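Would you mind keeping the following structure in view while I ask a few things?
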Amino acid sequence: ITFAPGQDQLDQTALTKLQTAAGILNKRDTIRLNVQGNFLPAEDQAGIQSQKLIAVLQEKDDDIPAAAFLSAQAAIENGSAYKAVSRYYDKQTNEDLGDIEDRLEDEAKARGEKPDSKILEALAYEQGWKNLQAKFPVSDDELHQLAMQRAQQIKAVMVEQNHVAPERIFVLDANANPAKASLTSA
């Protein structure tokens, strides 16, 4: 079962897989299932950092949907999301996304390239986002907690939606090595 970075919500593909697994369990009442949540350190750290950054940005601009921040294209199309990130970047670094864009343009011109302004705008957003994201630490405990929430989500779906007896599903401690996971992966 895969999860989006930093997330514990199950998508439709995961729900379908769990429904299939539940069907097997419900036909064979002697089978028990171990569920071990896990995480991918780099990917899930970035996902959690994005969530933290979005929460800070939405404190001042709560009318901007979280999805508007998640890609340069979405932020540029939204306009307000791009401006919110630029303001916050300026507050944190004393330069805004326009300064990054200017620097990228100068670098491209120095290489003899004629940069496209839309591409520069997107690259500036992505670079600014990554720089801001890095300012939000993620502890090992947060990653462990995410893994456990993922496992609990799986058990809840198996029990509540697919009617598998809860005593047949065991949630194991989190695993930081997805290659050794039994049913979940990040």
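Keep in mind the model is a prediction, meaning the values are calculated, not measured. As a basis for the values below, the full set of heavy atoms in this structure was taken, side chains included, without hydrogen atoms, waters or symmetry mates.
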Which atom of A68 lies closest to which atom of Y125, heavy atoms considered:
O-OH, 4.5 Å
Student check: side-chain heavy atoms of L25 and M158 closer than 4.5 Å:
yes
To the nearest 0.5 Å, atom CD1 of I54 lies from atom CD of E59 at 12.5 Å
With salt bridge (Lys or Arg N to Asp or Glu O under 4.0 Å) as the test, would you mind laying out the steps for R87 and D61 before giving the verdict?
CA-CA 11 Å; R87 280 192 306 271; D61 295 295; 2.9 Å; yes
Quick one: pull up CD in Q19 and CD in Q12 and give me the separation to the nearest 0.5 Å.
8.5 Å
Quick check on E95: does its CD atom have over 12 non-hydrogen neighbours (other residues, nucleotides or ligands) under 6.0 Å away?
yes
In sequence, state the C-alpha distance, the side-chain angles, and the governing distance for K109 and E105, and then conclude on salt bridge (Lys or Arg N to Asp or Glu O under 4.0 Å).
CA-CA 6 Å; K109 286 180 178 177; E105 181 178 22; 3.3 Å; yes
Short side-chain to backbone donor-acceptor contact, N26 and G23, under 3.5 Å
no
Pairs satisfying side-chain hydrogen bond (donor to acceptor under 3.5 Å, both in side chains), at least one member in residues 65-77, at least two apart
Q73-E77
With a cut-off of 6.0 Å (strictly less than), are more than 12 heavy atoms of other residues, nucleotides or ligands near CG of D140?
no
V138 and L53: same hydrophobic cluster, using ILVMFWY side-chain contacts below 4.5 Å?
no
Euclidean distance, L143 CG relative to E43 CD, rounded to 0.5 Å:
11.0 Å
Taking the side chain from D116 and the backbone from I119, do they hold a donor-acceptor pair closer than 3.5 Å?
yes
Are L15 and F3 connected in a single hydrophobic cluster, I mean Ile/Leu/Val/Met/Phe/Trp/Tyr linked by side-chain heavy atoms less than 4.5 Å apart?
yes
Provide the full list of side-chain hydrogen bond (donor to acceptor under 3.5 Å, both in side chains) pairs with a residue in residues 159-169, sequence neighbours left out, each pair given once.
none
Residues passing the side-chain hydrogen bond (donor to acceptor under 3.5 Å, both in side chains) test with E101, sequence neighbours excluded, are none
Residues forming a side chain to side chain contact (heavy atoms under 4.5 Å, CB included) with T30, sequence neighbours excluded:
none
Inter-residue atom distance L104.CG - L120.CG, 0.5 Å rounding
6.0 Å
Keeping the roles fixed (side chain from Q36, backbone from D173), state whether a donor-acceptor pair exists under 3.5 Å.
yes
In terms of heavy-atom contacts, N38 and R150 come closest through O-NH1, 3.0 Å
If I take atom NZ from residue K17 and atom OG1 from residue T2, how far apart are they, to the nearest 0.5 angstrom?
5.5 Å
With sequence neighbours excluded, what pairs up with K135 under the side-chain hydrogen bond (donor to acceptor under 3.5 Å, both in side chains) test?
none
Between W129 and L97, is there a shared hydrophobic cluster once you connect ILVMFWY residues whose side-chain heavy atoms come closer than 4.5 Å?
yes
What pair of heavy atoms forms the shortest contact from A84 to F69, and how long is it?
CB-CE2, 4.1 Å
Residues two or more places apart in sequence or in another chain: which of them pass side-chain hydrogen bond (donor to acceptor under 3.5 Å, both in side chains) with K52?
E142
Are V157 and F170 co-members of a hydrophobic cluster defined by side-chain heavy atoms under 4.5 Å apart?
no
Using every non-hydrogen atom in the two residues, find where D96 and S86 come nearest and quote the distance to one decimal.
CB-OG, 3.2 Å
For A67 against A74, the heavy-atom pair lying closest together:
O-CB, 3.7 Å
Between the CD atom in Q133 and the CD atom in Q45, the distance rounded to the nearest 0.5 Å is 8.5 Å
L123-Y88 co-clustered via ILVMFWY side chain contacts under 4.5 Å
yes
List the steps, then state whether side-chain contact (heavy atoms from CB on, under 4.5 Å) holds for I64 with L57.
CA-CA 9 Å; I64 303 172; L57 294 167; over 6 Å; no
Test item: K155 side-chain N/O and I169 main-chain N/O as donor-acceptor pair under 3.5 Å
yes
Which heavy atom of Q92 sits nearest a heavy atom of L132, and at what distance?
CG-CD2, 3.8 Å
Do Q7 and Q51 have side chains that get closer than 4.5 Å, going by heavy atoms?
yes
Are D99 and D90 packed together at the side-chain level, in the sense that at least one heavy-atom pair is separated by less than 4.5 angstrom?
no
